[in-house]
Enquirer: 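Here it is: the structure, laid out below.
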Amino acid sequence: MAQKPSIPKGTRDFGPETMVKRNYIFDTIKSVFKLYGYQPIETPAMENLSSLMGKYGEEGDKLLFKVLNSGDFMSKADDTVLSEKNSIKVTNQISEKGLRYDLTVPFARFVVQHQNELQFPFKRYQIQNVWRADRPQKGRYREFYQCDVDVIGSDSLLNEVEIIQIVNDVYKKLKVNVVVKMNNRKILAGIAEVIGQPDKIIDITVAIDKLDKIGLDKVNEELVEKGLPQEAVDKLQPIMNLSGTNTEKLQQIKEVLKESEVGLKGVQEMETVFYWLAPLNVETEVELDLTLARGLNYYTGAIFEVKALDAQMGSITGGGRYDDLTGIFGLPNVSGVGISFGADRIYDVMEQLNLFPKDTATTTKIMFVNFGEKEQTWCLPVINKLRQQGIAAEIYPQAGAKMKKQMNYANARNIPFVALVGDNEIESSTITLKDMDKGEQKAISVEELIQILNK
RNA sequence: GUGGAUGUAGUUCAGUUGGUUAGAACGCUGGAUUGUGGUUCCAGAGGUCGCCGGUUCAAAUCCGGUCUUCCACCCCA
């Protein structure tokens, strides 16, 4: 007895209607990327585990899918390691490949490996799926697509400005209302420095990040729990209570950070970005949010996060600047900045808000009813002609199938026109064209048919 | 990884304190209509009640395990 087929947890099949909508998102994003001069690359689904481990923090390592070695890997494994039953050590013995967790780290690897073939600053885009062994929920999958743009080999803040423009253009095209939240790791480092806890920066940022969600009191509790002295937590309070416009916030934070060189550098970077952005008439709101932390620990400068305004969903796009990602792979001092659009979450948001254009559902424009082999033979050259004109056309493949069945098929597939060619039409060299929406039909010539369908 | 909910026809869901042969709507197939779909009418097919085990004379219903989906935490696109 055949077992019920299924797919792994957190993965999905996509049917035709879903794919049409997904492609709409991919095409839109891709068109904007190209418009700004980015070039496409792809990298393998698998990377060497050594390239992936340690880049996403401790949590990230756990969420990596590891691929077993090929062959009789167990016989080669060290017995003492196996008997220890330590998962991490055993993994090292039996797995040396893993599925990519994001597109940024493979990109850094790519840049280092191909540095001599690339023209810097290198602007690339990459649209591929990534895998995370997370527990699935709404808007969280184990396999999902990221659409990344990065520019590497330039530390100009113009790139940050460009990324904001790209975000604006993409969401304007998709008709999704969003807010771009921005922060800077240097400011966060400065804060840690000023309160005398520079090595606690990760704990501090992770806790501050939750301000919206759990409130000030709980954040303070968590900070104390993580081993921060009370006086340091106290010093942090004015920062968490910042308010006003971006400029006002920066003004206040500058005061707090006046002792910290890094911190002031961060503030200055933000000021520059906002200054250059101002005359560009970007409609999307860009908000300085000092509670924005982002977990990925390779970020060193600007960090971005984009949230949909009209739907409840985690961040749908995120990124930032990384000063030394390529350093780990042997190419130091190359700065990059990029951002990643989460296609699956964007899809969920657009589905919720009903933002997909209706006509994307149509594929074939006209279907020829198949009355029999003789009629079929007459129709095929006509269909060829239509296709040469770029008109999507097809014929029902079963010669002489019941009319009702054929019409039903066209209707179910949302094909807007049906052509009927039987004895009468062949005799007079015409085609009876039926408009499925209006239900009207008329006899016309092939030339007229092309004209009507080309509209 | 921790805690909670969920699973019944292709789909969305009913199903009483455990009690004959598990239902509805929509969809599907055939017919009314042999050159006309979307409306209507008639008929029909379709279920190991997620999976495995246990309690019971008897389990969709109670218990345990497991998997899926969803929710919260963690983290994130």
Side-chain angles (χ1 to χ4, degrees), chain A residues 1-12 15 25 29 56-64 87 100-104 127-148 202 205-207 209-210 213-214 218 222 292-297 303-308 312-320 338-349 367 369-372 375 396 400-426 432-441 443:
Chain A
M1 171 109 186
Q3 61 173 41
K4 260 187 193 168
S6 66
I7 53 175
K9 187 201 292 211
T11 63
R12 294 154 307 150
I25 294 175
I29 290 175
Y56 309 106
E58 212 177 304
E59 194 68 22
D61 285 354
K62 281 189 216 155
L63 299 182
L64 279 169
S87 300
R100 59 168 172 253
Y101 178 92
D102 72 355
L103 300 178
T104 309
I127 298 179
Q128 287 189 278
N129 43 354
V130 302
W131 294 267
R132 294 182 190 178
D134 221 343
R135 188 177 279 207
Q137 310 178 15
K138 192 96 185 160
R140 174 175 303 189
Y141 308 100
R142 287 186 148 184
E143 181 186 38
F144 59 97
Y145 271 75
Q146 292 194 327
C147 313
D148 274 39
I202 304 248
T205 51
V206 167
D209 192 38
K210 294 176 194 161
K213 221 168 169 182
I214 61 177
K218 293 261 169 132
E222 187 167 324
L292 171 62
R294 292 191 61 77
L296 295 179
N297 52 22
I303 43 186
F304 306 98
E305 191 160 292
V306 179
K307 291 199 119 187
Q312 226 186 347
M313 179 63 68
S315 74
I316 54 178
T317 293
I339 198 160
S340 177
F341 291 80
D344 304 79
R345 285 190 175 176
I346 294 173
Y347 181 98
D348 289 346
V349 166
M367 187 196 83
V369 169
N370 195 331
F371 282 105
E375 293 84 348
Y396 194 86
K402 283 191 176 161
M403 187 69 168
K404 177 167 175 155
K405 195 166 186 168
Q406 301 195 40
M407 294 300 287
N408 248 327
Y409 176 82
N411 190 51
R413 286 203 36 206
N414 260 318
I415 297 173
F417 294 101
V418 166
L420 300 129
V421 180
D423 281 338
N424 296 341
E425 285 87 355
I426 290 178
T432 297
L433 179 69
K434 172 152 181 160
D435 181 323
M436 293 294 276
D437 255 353
K438 296 179 187 143
E440 295 162 357
Q441 62 188 55

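Chain letters run A, B, ... following the sequence lines, proteins first, then strands; residues in each count from 1. When reading the values below, keep in mind they use all heavy atoms of this one structure, side chains included, and skip hydrogens, waters and symmetry mates.
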Enquirer: Using side-chain contact (heavy atoms from CB on, under 4.5 Å), reason through Q406(A) and M367(A) one step at a time and then give a plain yes or no.
Expert: CA-CA 9 Å; Q406(A) 301 195 40; M367(A) 187 196 83; 4.3 Å; yes
Enquirer: What is the distance, rounded to the nearest whole Å, between atom CD of Q146(A) and atom C1' of A77(B)?
Expert: 6 Å
Enquirer: Taking atom P in both G4(B) and U48(B), compute the distance separating them and give it to the nearest angstrom.
Expert: 31 Å
Enquirer: Grab the NZ-C1' distance between K62(A) and C74(B) for me, whole Å please.
Expert: 9 Å
Enquirer: Between C1' on G1(B) and CD on E58(A), what's the gap in Å once rounded to a whole number?
Expert: 12 Å
Enquirer: Just name whichever nucleotide pairs with U2(B), Watson-Crick or G-U, keeping both distances under 3.5 Å, else none.
Expert: A72(B)
Enquirer: Before accepting this row, confirm whether a basic side-chain N of the pair K210(A)/E222(A) lies closer than 4.0 Å to the acidic partner's carboxylate O.
Expert: yes
Enquirer: What's the gap between U16(B) and U61(B) when it is taken at their P atoms, as a whole Å value?
Expert: 11 Å
Enquirer: Considering only atom C1', compute the distance from U21(B) to A60(B) and round it to an integer number of Å.
Expert: 15 Å
Enquirer: Restricting to non-hydrogen atoms, name the atom on D102(A) and the atom on Y56(A) that form the minimum distance, rounded to 0.1 Å.
Expert: OD1-OH, 2.7 Å
Enquirer: Take atom P in U66(B) and the same atom in G1(B), then report the distance between them in whole Å.
Expert: 12 Å
Enquirer: Over how many whole Å does the gap from Y56(A) atom OH to C76(B) atom P extend?
Expert: 13 Å
Enquirer: Using both distances under 3.5 Å as the test, list the Watson-Crick or G-U wobble partner of U12(B), or none.
Expert: A24(B)
Enquirer: Ignoring hydrogens and angles, state whether a donor on the side chain of D134(A) or Y141(A) is under 3.5 Å from an acceptor on the partner side chain.
Expert: no
Enquirer: Provide the distance between the two C1' atoms, one in G7(B) and one in C71(B), to the nearest whole Å.
Expert: 15 Å
Enquirer: Could you tell me how far C51(B) sits from A22(B) if I compare only their P atoms? Round to whole Å.
Expert: 16 Å
Enquirer: Expressed in whole Å, how much space separates the P atoms belonging to G30(B) and G38(B)?
Expert: 13 Å
Enquirer: Testing the 3.5 Å rule here: is there a donor-acceptor pair between the side chains of Q441(A) and T432(A)?
Expert: no
Enquirer: Cation-pi between R345(A) and F144(A): NZ/CZ under 6.0 Å from ring centre and within 45° of the ring axis?
Expert: no
Enquirer: Considering residues at least two apart in sequence or located in another chain, which fulfil the side chain to side chain contact (heavy atoms under 4.5 Å, CB included) criterion with K138(A)?
Expert: none
Enquirer: Between P on C76(B) and CG on N129(A), what's the gap in Å once rounded to a whole number?
Expert: 21 Å
Enquirer: If I take atom CG in residue D61(A) and atom P in nucleotide C75(B), what distance separates them, rounded to the nearest angstrom?
Expert: 15 Å
Enquirer: Distance check, C1' atoms only: G27(B) and U11(B), in whole angstrom units.
Expert: 7 Å
Enquirer: Of the non-hydrogen atoms in G342(A) and T317(A), which two are nearest, and what is the gap between them?
Expert: N-OG1, 4.2 Å
Enquirer: In whole angstrom, what separates I346(A)'s CD1 from A77(B)'s C1'?
Expert: 9 Å
Enquirer: Need the pair for G38(B). Rule: Watson-Crick or G-U wobble, both distances under 3.5 Å, any strand; none if unpaired.
Expert: none
Enquirer: I'd like to compare against my own output: the B/S/- annotation of nucleotides 27-38 of chain B with a strict under-4.0 Å heavy-atom distance to protein.
Expert: ----SB--BBBB
Enquirer: Measure across A401(A) and Y396(A) and return the closest heavy-atom pair with its distance rounded to 0.1 Å.
Expert: CB-CE2, 3.7 Å
Enquirer: Please enumerate all protein N or O atoms sitting under 3.5 Å from an N or O of nucleotides 68-73 of chain B, with distances to 0.1 Å.
Expert:
from, atom 1, to, atom 2, distance (Å)
U68(B), OP2, K9(A), NZ, 3.2
U69(B), OP1, G10(A), N, 2.9
C71(B), OP2, K138(A), N, 2.1
A72(B), OP2, Q137(A), OE1, 3.3

Enquirer: Can you tell me the distance, in whole Å, between the CZ atom of F304(A) and the P atom of A77(B)?
Expert: 14 Å
Enquirer: Supply the atom-to-atom distance R132(A) CZ to L63(A) CG, rounded to the nearest 0.5 angstrom.
Expert: 8.0 Å
